[in-house]
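Read through the structure below, which is laid out as structure tokens, and then see the notes.
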Protein chains: 2
Amino acid sequence: MATLKDVARLAGVSVKTVSNVVNGYSFVKPDNRRRVEEALEATGYRPNLGARNLRRGRTGFIALVLPELSIPYFAELAGLVIAAAQEHEWNVLIEQTFGTLAGERSALAALGPHLVDAAILSPEALQVDDFQLPVPAVLLGEHAVDVPISRVGIDNVAAAQSAVRHLISLGHQRIAAIGAHPHRGTAALRLEGYRLALAEASLPFVDELVVPALNYHRADGAAAMRSLLDLRTPPDAVFCFNDLLAIGAMRAAAERLVRVPSDLAVVGFDNNEESVYSSPSLTSVAPDKAAIARAAVDLLHRRVESGESLENVETPFSLQVRESTVAR
Amino acid sequence: MATLKDVARLAGVSVKTVSNVVNGYSFVKPDNRRRVEEALEATGYRPNLGARNLRRGRTGFIALVLPELSIPYFAELAGLVIAAAQEHEWNVLIEQTFGTLAGERSALAALGPHLVDAAILSPEALQVDDFQLPVPAVLLGEHAVDVPISRVGIDNVAAAQSAVRHLISLGHQRIAAIGAHPHRGTAALRLEGYRLALAEASLPFVDELVVPALNYHRADGAAAMRSLLDLRTPPDAVFCFNDLLAIGAMRAAAERLVRVPSDLAVVGFDNNEESVYSSPSLTSVAPDKAAIARAAVDLLHRRVESGESLENVETPFSLQVRESTVAR
DNA sequence: CATCGTTGTTCCAACGATGTAAAGACCCGA
DNA sequence: TCGGGTCTTTACATCGTTGGAACAACGATG
């Protein structure tokens with residue numbers, strides 16, 4: 001592999017002159033510039049990023065720390081983050097935490113400042129003390145603990161509220177919620193939105209209709225739904241805190257021969273592609289994932305470039321109404 | 001951030017001695033070792049990977065080049081590759097090509113030997129000439145062109161054959177195939193498996209029952225299914241070359257009030273998690289994704305460590321029978 | 001006690017790039 | 001012709017790490 005030295009020898013100039021050409025420094029004689037460019041072409045020179053970054057004190061990477069790539073929301077988001085990062089000539093390094101405290105801690109520990117310039121985090125279990133980050137970071141979504149780190153995400157309370165309002169507007173009275181979680185910040189906010197929507201419609205908040213989910217996988221949604229269907233008076237609608245839970249819930253309903261939407265309306269959250277093609281298709285709160293990815297990356301880029309300070313970004317969302325909720 | 005120099009000063013030894021301790025060199029006096037370890041602890045030293053790799057001529061990264069993270073198969077695979085790579089202290093860098101020739105070319109071009117030690121590729125459009133790779137690589141799945149690069153994957157012909165045999169064993173006679181593709185190697189092999197299964201059952205190969213799909217997204221499956229349902233004599237079963245196509249096909253069937261599996265049996269390929277929870281759940285060919293990820297990473301590691309040569313690995317698969325295919 | 005081999009440590013160079021400072025080339029007007 | 005400024009190029013040090021050679025300390029050996 002050709003190095004600057006090789007190119008310099010070939011062009012008959014010093015290493016630094018080649019470096020100057022490569023980096024677009026203005027004052028290079030046209031004649032030399034041409035010779036250097038020819039030599040660059042001839043050798044197929046590509047800068048050694050490791051060396052460059054060693055010198056510049058940059059790495060050219062950002063970390064994306066998320067629970068699991070097999071969760072569609074994170075997979076879609078990761079794809080968008082990679083695309084957004086590319087525009088700033090950043091490569092993305094993905095770390096999976098599997099939503100555990102240990103996983104998140106070890107992912108953060110691996111994040112030396114030598115490895116990445118910045119990090120995008122989607123934590124679920126971290127404690128306040130853990131947020132001693134060695135690099136600029138952005139949190140995606142809300143987190144239970146209050147730490148001085150920029151956040152990017154939607155207004156979860158309003159989003160959840162709009163979902164439940166939609167169910168109420170269709171005439172549902174007994175609306176369940178699946179996905180309550182003791183430590184997850186977003187879960188608390190979505191629950192709050194659920195509560196507010198019920199309150200403004202003067203509907204009672206019924207404890208037995210709020211079902212926790214420790215993980216947000218399809219299996220958890222199915223299990224929660226089964227427990228709801230076992231109630232003396234099952235719900236006539238359910239708001240799930242993500243689409244996977246909703247898919248699982250719809251599956252459990254189908255197994256019990258409960259029909260969606262006529263017997264049970266279902267709303268999800270995340271608007272996974274999968275939800276457009278399920279039968280029935282799933283009404284879902286749709287965060288603008290592209291906007292989230294872009295905002296997070298841009299914010300970090302500004303931070304790294306010009307040292308800007310704490311800043312939160314609220315991205316838009318919408319409610320995608322599909323077959324799983326219709327007027328009865 | 002502490003460097004070797006800082007640690008050395010604190011411990012009162014030379015930089016190299018610290019380096020020796022960090023790298024587990026045997027001959028260090030217990031007393032010095034202890035002092036160095038204390039100093040390491042005190043400073044919270046973390047090696048600068050850039051510098052280390054510059055010196056060692058390694059980068060500590062491998063690239064995973066795939067079409068799109070929003071495709072569940074690749075998302076799941078990526079998660080497994082990341083996990084497997086971690087065991088060899090490799091970080092994974094994901095590049096998306098979106099299945100286009102231009103995308104694949106630019107991803108390969110970005111793969112300087114300075115950036116990654118090796119690459120795992122899942123190409124769909126590349127030509128023979130493109131395979132001038134600057135680093136050791138492994139191809140996932142089959143590819144139309146024959147290049148001297150290691151491959152890891154299942155026996156696609158046998159896998160497809162087993163899927164179609166299953167449909168035949170259930171009594172289906174008019175079996176369609178969705179996913180034919182002019183350039184995709186795996187498509188050709190799966191089609192071949194389909195053809196073989198028909199032949200061994202003395203069923204005719206009917207051109208109109210083989211529908212191409214340019215992309216393997218849900219929408220393509222739905223479109224293909226609609227065209228099949230428009231046939232004078234629609235099929236009574238369909239083998240889709242991946243699960244997304246199958247999900248789309250089932251969706252299209254549902255819209256036409258064609259019932260799965262009683263009117264139409266459906267088999268997919270990839271065994272996405274999504275397919276376990278769809279209604280009906282989807283029978284699917286299940287490649288052992290973890291085995292693929294592990295085999296690819298291990299193979300590359302051996303290549304990089306000991307310069308082993310060309311080697312192909314065939315990983316196991318199974319057929320997961322679910323609700324979308326049952327005896328009628 | 002000189003020699004030897006084994007341990008343990010240090011010094012120096014190198015990986016490939018870039019910032020700095022200084023030197024060299026060049027042109028202008030006086 | 002010379003001084004003085006503006007371009008242009010170069011030599012050198014440096015980023016943090018590791019390999020290799022050199023060196024120092026040590027007990028064992030004859």
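In what follows, every chain begins at residue 1, and chains take the letters A, B, ... in the order their sequences are listed. Values in this document were obtained by computation on a predicted structure and should not be read as measured data.
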Next item on the list: Calculate the interatomic distance between R52(A) atom CZ and dG16(C) atom C1'; express it in whole Å.
Entry: 10 Å
Check: Among the nucleotides dG8(C), dT10(D), dT17(D), which one has an atom lying closest to any side-chain atom of V13(A)?
Finding: dT10(D)
Check: Given that T3(A) and G12(B) both sit by DNA chain C, which one's nearest nucleotide is further toward the 5' end?
Finding: G12(B)
Notebook entry, point to check: Rounded to the nearest Å, what distance is computed from the OH atom of residue Y45(A) to the C1' atom of nucleotide dA17(C)?
Noted result: 7 Å
Note to self: Output the rounded distance in Å from CG (L40(A)) to P (dA17(C)).
What the structure shows: 11 Å
Notebook entry, point to check: Is any side-chain N or O of K16(B) under 3.5 Å from a base N or O of dG19(D), one able to act as donor and the other as acceptor?
Noted result: yes
Notebook entry, point to check: S26(B) side chain N/O closer than 4.0 Å to the phosphate oxygens (OP1, OP2) of dT7(C)?
Noted result: no
Item checked: Counter-base of dG30(D), judged by Watson-Crick or G-U geometry with both distances under 3.5 Å -> dC1(C)
Notebook entry, point to check: When you look at Y216(B) and Y73(B), which way does the ring pair (Phe, Tyr, Trp, His ring centres under 6.0 Å) test go after all the steps?
Noted result: CA-CA 11 Å; Y216(B) 278 25; Y73(B) 175 76; over 10 Å; no
Margin query: If you only use heavy atoms from C-beta on, which nucleotide in dA17(C), dT18(D), dG16(C) is closest to the side chain of L54(A)?
Written below: dG16(C)
Checklist line | Integer-rounded Å distance: dT17(D) C1' and R56(B) CZ | finding: 9 Å
Notebook entry, point to check: Between T59(A) and D117(A), is any side-chain donor less than 3.5 angstrom from a side-chain acceptor?
Noted result: yes
Check: Rounded to the nearest Å, what distance is computed from the CG atom of residue N20(B) to the C1' atom of nucleotide dT10(C)?
Finding: 10 Å
Next item on the list: State plainly whether the residues R35(B) and D31(B) are in salt-bridge range, i.e. N to O under 4.0 Å.
Entry: yes
Check: Quick one: is dT18(D) close enough that its OP1 or OP2 comes under 4.0 Å of any side-chain N or O from S19(B)?
Finding: yes
Check: Looking across every strand, which nucleic acid part, if any, lies under 4.0 Å from V15(A) by heavy atom: base, sugar-phosphate, or nothing?
Finding: base
Check: Per the side chain to side chain contact (heavy atoms under 4.5 Å, CB included) rule, which among V81(A), L77(A), V116(A) passes with L64(A)?
Finding: V81(A)
Note to self: I need the OH-C1' distance between Y25(A) and dT6(D), as an integer number of Å.
What the structure shows: 11 Å
Check: So does N23(A) get a side-chain nitrogen or oxygen closer than 4.0 Å to the phosphate oxygens (OP1/OP2) of dT18(C)?
Finding: yes
Notebook entry, point to check: Quick one: R58(B) CZ to dG16(C) P, roughly how many Å, whole number?
Noted result: 15 Å
Notebook entry, point to check: To the nearest angstrom, how far is R55(A) atom CZ from dT20(C) atom P?
Noted result: 8 Å
Notebook entry, point to check: Checking salt bridge (Lys or Arg N to Asp or Glu O under 4.0 Å) for the pair E87(A)/R294(A): CA distance, chi angles, key distance, verdict?
Noted result: CA-CA 10 Å; E87(A) 296 181 12; R294(A) 173 166 305 280; 3.4 Å; yes
